[in-house]
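To start, the structure under review is shown below, and the notes come after it.
The figures that follow rest on heavy atoms only: side chains count, while hydrogens, waters and symmetry mates do not. Per chain, numbering begins at 1; letters A, B, ... match sequence-line order.
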Number of protein chains: 2
Amino acid sequence: MKISKTEENYLKVIFSILEKGKPSASTNAISKKMQTSAASVTDMVKRLAKKKLAIHESHKGVKLTKRGGQIATMLLRKHRLWEVFLVDKLDFLWDEVHEMAEELEHIQSKEMIDRLDSFLGNPKFDPHGDPIPDAEGNFATRQQTPLNEFKVGEKGTVVGVRESSTPFLQYLDQLDLGLGSKVEILEKFEYDNSAKILLNKSKEIVITGKVCLNLFLQK
Amino acid sequence: MKISKTEENYLKVIFSILEKGKPSASTNAISKKMQTSAASVTDMVKRLAKKKLAIHESHKGVKLTKRGGQIATMLLRKHRLWEVFLVDKLDFLWDEVHEMAEELEHIQSKEMIDRLDSFLGNPKFDPHGDPIPDAEGNFATRQQTPLNEFKVGEKGTVVGVRESSTPFLQYLDQLDLGLGSKVEILEKFEYDNSAKILLNKSKEIVITGKVCLNLFLQK
DNA sequence: TTTTATTTTTAGGCTAATCTAAAAATTTAT
DNA sequence: ATAAATTTTTAGATTAGCCTAAAAATAAAA
Ligand SMILES: [Mn+2]
Ligand SMILES: [Mn+2]
Ligand SMILES: [Mn+2]
Ligand SMILES: [Mn+2]
């Protein structure tokens, strides 16, 4: 039984919703992420259920079966490895690779992706700091804290971004802020959650609360 | 106006038929290569014509417009560059890469393919000896002769294969015969077009007329 | 606890890409 | 030149994936 590209994209979206701790993914949440109507989602969710990739209880959202979760995980593996390839080997910037990886992830060949993995030196994280599952589906873990939870005086290194939309990444580029940047909290402004930070021991900048929320650091 | 993967595959097939000198591609020839019914071909050919990618005269076959030909050429460029990547970087064998390239060729990004090209060192030929069009669509040319046209005593180097089906390529692997192999014709047997050759100045083998027809050599 | 708002599902339709069977056109053979 | 064979097109259906509008179910508010 083969899985279409569309079905794969749905599996990934459902997986990403469940990953955030939700007990099940709602029709509306899926339709928002997939940019399709709620009716189309109901349609597709039924098809995924029929293929034993998802479990659907009417009006109660959808979960993934073990197999559905495995497929989603392998899609993330492929997506992230291709992103590493595009950045490390073809010199793309981290904000340019998402769309291409969105297509490349659907190429079917376990052997190819395992070889790509070793060609790239078995990276554990993608260009946005997201963990790359290994061939068995195990994610690397790492202790990381969103910048907004840091206190004044604390220091850390940027290791990931919560959101990797092009505008956000380009804004970070503008600030000269990326994975590996050293950050020290100089001041925190409670009334709007913005903060003044010392970047790479050299530049003082002010960043908004939204940016603080979207940056993951290692202490 | 965007072109579907299916439309792209049809364009490639039509291009490959026209490339062999035919003035137009017949419905049957296309249906054979596409593994679809003749009725489906008629359908698709009309759609390609409506999109100005092909010219269709009822019962008289189909040709490609300039734009149709350009798209087919870029597909060959992508297909062949990915094949080089798979063989040179991921260490696949020449008989293992076709199916993967068949999918990879549909990834849309001019920038990506141009960068891949330079990452690979701007190769002029793919792992089967087929020429790789450059970014402007120009094919490298090379004087090459099918082995069956060689006379006894003549020598040459294998530079390409007419057909790159897995069984044929694996058979060549078995014979220790690949791109770069040195060949000298020792005897030709007219009655079945087979020949005895000296391979790499060391091994005498007999090959059938079919094999002779499918090997291209440079004198 | 009704009423109202929101979410989800159903009903009915559309397009791309495919199929089989039958009709029409063209080519080949007699 | 007519008949037979082959090729191509048309007709009519099917499936995946999508849509809008309406109905049904659930959640929130009064
Ligand atoms: Mn995708
Ligand atoms: Mn990523
Ligand atoms: Mn293809
Ligand atoms: Mn090739």
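Looking only at side-chain heavy atoms (C-beta outward), A/L93 and A/V87 stay at 4.5 Å or farther from each other. Within the 4.5 Å cutoff, the side chain of A/C212 has heavy atoms near those of the A/I207 side chain. Residues B/E102 and B/V97 fail the side-chain proximity criterion, which asks for heavy atoms closer than 4.5 Å.
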Inset, instruction - With side chain to side chain contact (heavy atoms under 4.5 Å, CB included) as the test, would you mind laying out the steps for A/L48 and A/I14 before giving the verdict? - result: CA-CA 11 Å; A/L48 293 176; A/I14 296 166; 3.9 Å; yes

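Under the 4.0 Å criterion applied to side-chain N and carboxylate O atoms, B/R77 and B/D114 are assigned as salt-bridge partners.
A ring-centre distance under 6.0 Å is not found for B/H98 and B/H128.
A nucleotide of DNA chain C counts as in contact with chain B when one of its atoms lies under 4.0 Å from a heavy atom; the first and last such, 5' to 3', are C/dA16 to C/dT26.
A sub-4.0 Å separation between OP1 or OP2 of D/dA16 and a side-chain N or O of A/R47 is absent.
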Return the polar atom pairs (N/O with N/O) between nucleotides 24-26 of chain D and the protein under 3.5 Å, or none.
none

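Going from atom CG of A/L48 over to atom P of D/dC18 covers 11 Å, rounded to whole Å.
Judged by the 6.0 Å distance and 45° axis criteria, B/R142 is positioned over the aromatic ring of B/F125. By the 6.0 Å and 45° rule, B/K89 stacks over the aromatic ring of B/F119. In this structure, B/R115 is positioned above the aromatic face of A/F92, its NZ or CZ under 6.0 Å from the six-membered ring centre and within 45° of the axis.
Against DNA chain C, the stretch residues 32-46 of chain A makes heavy-atom approaches under 4.0 Å through A/A38, A/A39, A/T42, A/K46.
Between B/N28 and A/E7, the one whose closest nucleotide on DNA chain D sits nearer the 5' end is B/N28.
No more than 12 heavy atoms of other residues, nucleotides or ligands lie within 6.0 Å of CD in A/E57, so this atom counts as exposed by the packing criterion.
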